[in-house]
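First up is the structure itself, then whatever we jot down about it.
Since this is a predicted model, take the numbers as computed values, not measurements. Computation of the quantities below employed the complete heavy-atom set of this structure, encompassing side-chain atoms and omitting hydrogens, waters and symmetry-equivalent molecules. Every chain is numbered from 1, with letters handed out A, B, ... down the list of sequences.
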Protein chains: 2
Amino acid sequence: MTRNTRDRILEAGLTLFSKKGFLGSTTREIAKKAGVAELTLFRHFSSKERLFEETIKRHSFLPALKGLLPELKDLAYREALTQIAIRYLERLSARSELIKIMHSEIHSYPTKVKEIKQKFLGEMVGALASYFRGLQERGTLRDFDPVIAARAFLGMFFSYFTFEEFMTDKKQRFAQKDAVVREFVGFFVSGTVAQEPEPGVSGKGKSQSL
Amino acid sequence: MTRNTRDRILEAGLTLFSKKGFLGSTTREIAKKAGVAELTLFRHFSSKERLFEETIKRHSFLPALKGLLPELKDLAYREALTQIAIRYLERLSARSELIKIMHSEIHSYPTKVKEIKQKFLGEMVGALASYFRGLQERGTLRDFDPVIAARAFLGMFFSYFTFEEFMTDKKQRFAQKDAVVREFVGFFVSGTVAQEPEPGVSGKGKSQSL
DNA sequence: CGTTAATGTTAGCGCTTACTTACATTAAAC
DNA sequence: GTTTAATGTAAGTAAGCGCTAACATTAACG
């Protein structure tokens with residue numbers, strides 16, 4: 001039961017740290033939530049801080065995005081961006097506990113949190129940037145800094161996610177998610193200038209006349 | 001000296017709360033930083049929590065953006081967005097301490113923090129959205145949801161700001177700010193597709209020859 | 001001067017916290 | 001069936017916390 005006990009403590013740690021922050025969580029409560037004596041917690045982790053680090057490490061692993069890139073080749077630009085956006089939002093949702101911790105502890109544990117952010121954002125930015133770069137070389141996309149573009153794109157969604165996840169009530173959360181994804185992607189695909197892409201693509205185009 | 005003492009305490013509170021969070025800050029330290037006896041702190045604020053609330057209230061006031069809107073009328077679209085972006089980043093910088101507090105305490109004090117966010121983001125989103133709406137009615141912009149667009153635009157910059165402010169070292173911070181603003185605005189103005197907007201011509205097929 | 005309001009100094013209370021010590025219990029392995 | 005490793009129980013320590021009590025000091029004002 002050793003493995004199991006350790007896991008249960010880490011699980012309880014994730015839950016409580018994300019809910020109450022590092023200082024707001026007590027070892028008593030974590031142990032209780034894990035169904036374990038407080039002493040057992042200290043037998044597995046020498047200190048509360050070590051438990052915190054292990055909790056982050058344990059849960060910050062994220063599967064690579066590499067699987068997505070090949071699929072994108074077969075998709076139209078707009079559709080590819082939509083898929084990326086959806087996947088990205090899904091991954092953020094799956095790790096929302098961890099993002100809470102990042103938010104509340106970033107100033108106390110900048111180094112550790114930066115590591116997470118690096119894994120979380122850096123990987124996606126890199127993948128998206130190289131996707132942009134490929135389309136630029138083919139002449140499909142105009143010239144711009146692919147890394148900045150990737151940051152902007154993911155930044156829009158990250159901002160949207162954190163707002164919805166942490167600022168609104170559960171009931172109304174992500175009510176218009178599809179619409180938001182569509183619009184955000186639309187900005188990236190066609191910009192906000194009046195000229196419409198080929199008719200029927202976005203279904204809107206009410207005003208071409210200047 | 002009453003006013004002055006109270007102000008100094010609030011100032012010290014802002015500094016420490018933003019650096020260490022609510023639980024991480026002690027009344028002893030705040031008092032010391034304010035150059036005041038701890039007891040004096042409690043004579044002005046009945047509890048640490050009250051001091052926290054007052055600190056937020058005091059510093060969350062933000063001058064309205066209304067002054068900016070008329071100016072925008074005289075600017076080209078791209079230039080207007082650039083100005084908005086610059087002003088927005090300036091305001092975020094000016095209130096970075098408060099944003100730190102928001103980040104670290106949002107899960108513990110959701111109500112209070114939401115109020116700030118409302119003032120901070122809501123106001124700017126509203127202003128920008130009505131700007132978009134005006135241009136849509138004139139036919140300058142294509143049809144899209146102005147509120148979602150405003151959120152996306154500001155979200156890009158908010159995300160960029162928080163990343164630079166809290167994730168990078170001071171030395172390299174905002175090194176390429178102008179370039180980022182230019183690119184971000186560019187995405188909004190012309191999109192990422194290769195064809196530059198040429199008046200009258202239906203440009204940009206969404207994915208020619210993929 | 002004497003009054004008054006604001007602040008300082010010192011000491012400490014009551015509580016919670018992270019963490020420890022000493023010893024008992026379980027259960028699987030040999 | 002004895003050993004061994006993991007866990008439990010109970011009690012407690014040392015430190016820090018928010019906050020208070022009692023009294024002294026300052027300074028502005030009439």
Grab the [atom1]-[atom2] distance between [X] and [N] for me, whole Å please.
X: A:F45; N: C:dT20; atom1: CZ; atom2: C1'; value: 18 Å
X: B:L23; N: D:dG16; atom1: CG; atom2: P; value: 17 Å
X: B:R28; N: D:dG18; atom1: CZ; atom2: C1'; value: 8 Å
X: B:F52; N: D:dG18; atom1: CZ; atom2: C1'; value: 16 Å
X: B:K20; N: D:dG16; atom1: NZ; atom2: P; value: 13 Å
X: A:I9; N: D:dT7; atom1: CD1; atom2: P; value: 8 Å
X: B:R8; N: C:dG8; atom1: CZ; atom2: C1'; value: 12 Å
X: B:L41; N: D:dT20; atom1: CG; atom2: C1'; value: 14 Å

- [ ] For A:E38 and for A:R43, locate the closest nucleotide of DNA chain C by heavy-atom distance; then report the residue assigned to the nucleotide nearer the 5' terminus.
- [x]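 Comparing both residues, the 5'-ward one is A:E38.
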- [ ] Could you check A:L39 against B:A37 and say which one's nearest nucleotide on DNA chain C is further toward the 5' end?
- [x]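 Nearer the 5' end of the strand: B:A37.
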TODO: Ignoring backbone atoms, test whether B:H44 places a side-chain nitrogen or oxygen under 4.0 Å from the OP1 or OP2 oxygen of C:dA6.
DONE: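 No, B:H44 has no side-chain N/O under 4.0 Å of OP1/OP2 on C:dA6.
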Open item on the list: Just N and O in the side chain of A:T40: are any of them under 4.0 Å from OP1 or OP2 of D:dA6?
Closed with: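 So the side chain of A:T40 is outside the cut-off, no N or O lying under 4.0 Å from OP1 or OP2 of D:dA6.
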TODO: Give A:G24 one of three labels, base, sugar-phosphate or nothing, depending on what nucleic acid heavy atoms sit under 4.0 Å from its own.
DONE: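 Contact class for A:G24: none.
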- [ ] Indicate, with yes or no, if the rings of A:F157 and A:F153 have centres closer together than 6.0 Å.
- [x]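 So the answer is yes for these two rings.
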Open item on the list: Ring centres under 6.0 Å, that's the criterion: do A:F45 and A:F52 meet it?
Closed with: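 Here the rings of A:F52 and A:F45 have centres that are no less than 6.0 Å from each other.
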Open item on the list: Can you tell me how the ring of B:Y77 sits relative to the ring of B:Y131, calling it parallel under 30°, perpendicular over 60° and tilted otherwise?
Closed with: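 If you compare the ring of B:Y77 with that of B:Y131, the planes turn out parallel.
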Open item on the list: A:R6 and side chain to side chain contact (heavy atoms under 4.5 Å, CB included): which single residue from A:E54, A:E11, A:R43 fits?
Closed with: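 Testing A:R6 for a side chain to side chain contact (heavy atoms under 4.5 Å, CB included) against A:E54, A:E11, A:R43 leaves exactly one candidate, A:E54.
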Task: Reference residue B:Y88; test side chain to side chain contact (heavy atoms under 4.5 Å, CB included); the match among B:L128, B:L154, B:V181 - done: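 Single pass found, and it is B:L154.
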The side chain of [X] is closest to which nucleotide in this list: [options]?
X: A:K48; options: C:dG12, C:dC19, D:dT9; answer: C:dC19
X: B:T5; options: C:dG8, C:dT7, C:dA18; answer: C:dT7
X: A:F42; options: C:dG8, D:dG18, C:dA18; answer: C:dA18

